[in-house]
Amino acid sequence: MSHMSQDELVKQWESQQASMRQLLVEEDTEDWQRSPDFTGLERVGGVDLSYIKGDDVNACAQLVVLSYPNLELLYEDSQMVTLNAPYIAGFLAFRETPYLLEALQRLEKTQPNLLPQVVLVDGNGLFHYREFGLACHLGVLSGLPCVGVAKNLLQVQGISNSQQHQLQIASLQKGGDSFPLTAASGKVLGKALRSSDRSTKPVYVSVGHRISLETALRLTHTCCRYRVPEPIRQADVRSRVYLRLHFPAAAES
DNA sequence: GCGACAG
DNA sequence: ATCTTGTCGC
C-alpha cells in the first residue's frame with residue numbers, strides 16, 4: 001500500500017467513490033425534514049478539522065452538537081489526530097473522514113442520546129467532480145443525514161466562477177436567497193445561498209446524504225447567525241482554540 | 001502552456 | 001487549511 005504512486009492512489013480512491021456513490025440517498029428520510037418548521041429536530045451537528053501551519057500531519061478534529069432551533073452548545077469533542085492521506089482536490093474525504101467518524105463513534109458510545117440528527121459538514125456533498133464529496137462520504141459511512149456547506153466555489157461539471165456567476169451572486173437580495181448550480185448534464189448539484197442579510201459572499205450548499213437539496217438549503221439558512229452556519233462555525237472556532245491552547249509554540253518557525 | 005485546485 | 005492589522009460601519 002505504501003508503495004502506491006499518487007496516480008494509483010487516485011485511481012483507487014475514484015473507484016471507492018464510485019462504489020459508495022451507489023449507496024447515497026438524495027431524498028428526505030426523516031419526519032422532521034417534512035415539517036415546515038422542522039418540528040422534531042432537536043440536535044444539529046457540525047464538524048471540522050483545524051490545521052497547524054507548516055505541519056501536514058497534525059490537526060485537531062472537532063465535533064460539536066448544538067440544540068435546534070436555539071443553536072446552544074450541547075456537546076463538543078476536540079481530538080488531536082495524525083493525518084495519513086495528502087490533500088488532493090476532489091479527495092478531501094480520504095484525508096478527513098476517518099477522524100470525523102471516530103468523533104461520532106465516541107459520542108455514540110458515551111452519550112448516544114446526544115447524537116446529532118443531521119450533520120453540517122465543512123466542504124461539498126454532491127457538488128463535486130464525481131458527485132461524492134466529503135459530506136456524502138461521511139453521510140454514507142456514518143449513516144447520518146449530512147449537508148455539505150462550502151465557503152468557496154468548486155469549479156466542476158461546467159460550473160465556473162464566470163461573469164454570469166458573479167451577476168447571479170449580485171442578484172441575491174437578502175438572507176435566504178439562492179440560485180441553483182446546474183451541471184452541464186442539467187442536474188442541479190447544489191445551490192449558492194446568501195446565508196444572512198449582511199453577507200455578500202454566498203455559501204455553497206449541497207446534499208450530503210439522506211436529505212433533499214431544498215431541505216438542506218432551508219436547514220442551513222435557519223442555522224446561520226453569521227455567514228457560516230453556526231454548527232460549522234463553532235466547530236471551526238473551538239478547534240482553533242484547542243490548537244492555540246495545546247500548541248502555543250506552533251506559531252513559530 | 002494556462003488556470004483551477006472543497007479543506 | 002494557514003499567514004495577519006487595521007479599518008470602516010453600526
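This is a predicted model, so every value here is computed, not measured. Order of the sequence lines fixes the chain letters, A, B, ..., with proteins taken first and strands second; residue numbering starts at 1 for each chain.
- The distance between atom CZ of A:R244 and atom C1' of C:dT4, rounded to the nearest whole Å, is 10 Å.
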Check nucleotides 5-7 of chain B for protein N or O atoms closer than 3.5 Å to its own N or O atoms and list the pairs.
unit_1 : atom_1 : unit_2 : atom_2 : d
B:dC5  : OP1    : A:L153 : O      : 3.3
B:dC5  : OP1    : A:Q155 : N      : 3.2
B:dA6  : OP2    : A:Y87  : OH     : 2.6
B:dA6  : O4'    : A:N124 : ND2    : 3.3
B:dA6  : N7     : A:G90  : N      : 3.2
B:dA6  : N6     : A:G90  : O      : 3.1
B:dA6  : N6     : A:F91  : N      : 3.2
B:dA6  : N6     : A:L92  : N      : 3.2
B:dA6  : N6     : A:H128 : NE2    : 3.3
B:dA6  : N1     : A:L134 : N      : 3.1
B:dA6  : N3     : A:N124 : N      : 3.0
B:dG7  : OP1    : A:K151 : N      : 2.9
B:dG7  : OP2    : A:N152 : ND2    : 2.8
B:dG7  : O3'    : A:D122 : OD2    : 3.4

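- Here the options are A:E131, A:H137, A:R130, the test is side-chain hydrogen bond (donor to acceptor under 3.5 Å, both in side chains), and the partner is A:Q17; only A:R130 passes.
- Nearest heavy-atom pair across A:K201 and A:R227 is O-NE, 2.9 Å.
- Because its NZ or CZ atom is not both nearer than 6.0 Å to the ring centre of A:Y68 and within 45° of the ring axis, A:R43 does not count as a cation-pi partner of that residue.
- With ring centers used as reference points, A:F179 lies under 6.0 Å from A:H165.
- Closest heavy-atom contact between A:G46 and A:A235: O-CB, 3.8 Å.
- Of the possible donor and acceptor atoms, one in the side chain of A:D28 sits under 3.5 Å from a partner among the backbone N and O of A:S212.
- Electrostatic pairing of A:R21 and A:E26 counts as a salt bridge here, judged by a charged N lying under 4.0 Å from a carboxylate O.
- In DNA chain C, consecutive stretches of 3 or more Watson-Crick or G-U wobble pairs with both distances under 3.5 Å do not occur.
- Between A:R210 and A:E27, no side-chain nitrogen of the basic residue sits less than 4.0 Å from a carboxylate oxygen of the acidic one, so the salt-bridge criterion is not met.
- Using a 4.0 Å heavy-atom distance criterion, A:R198 is classed as making no nucleic acid contact.
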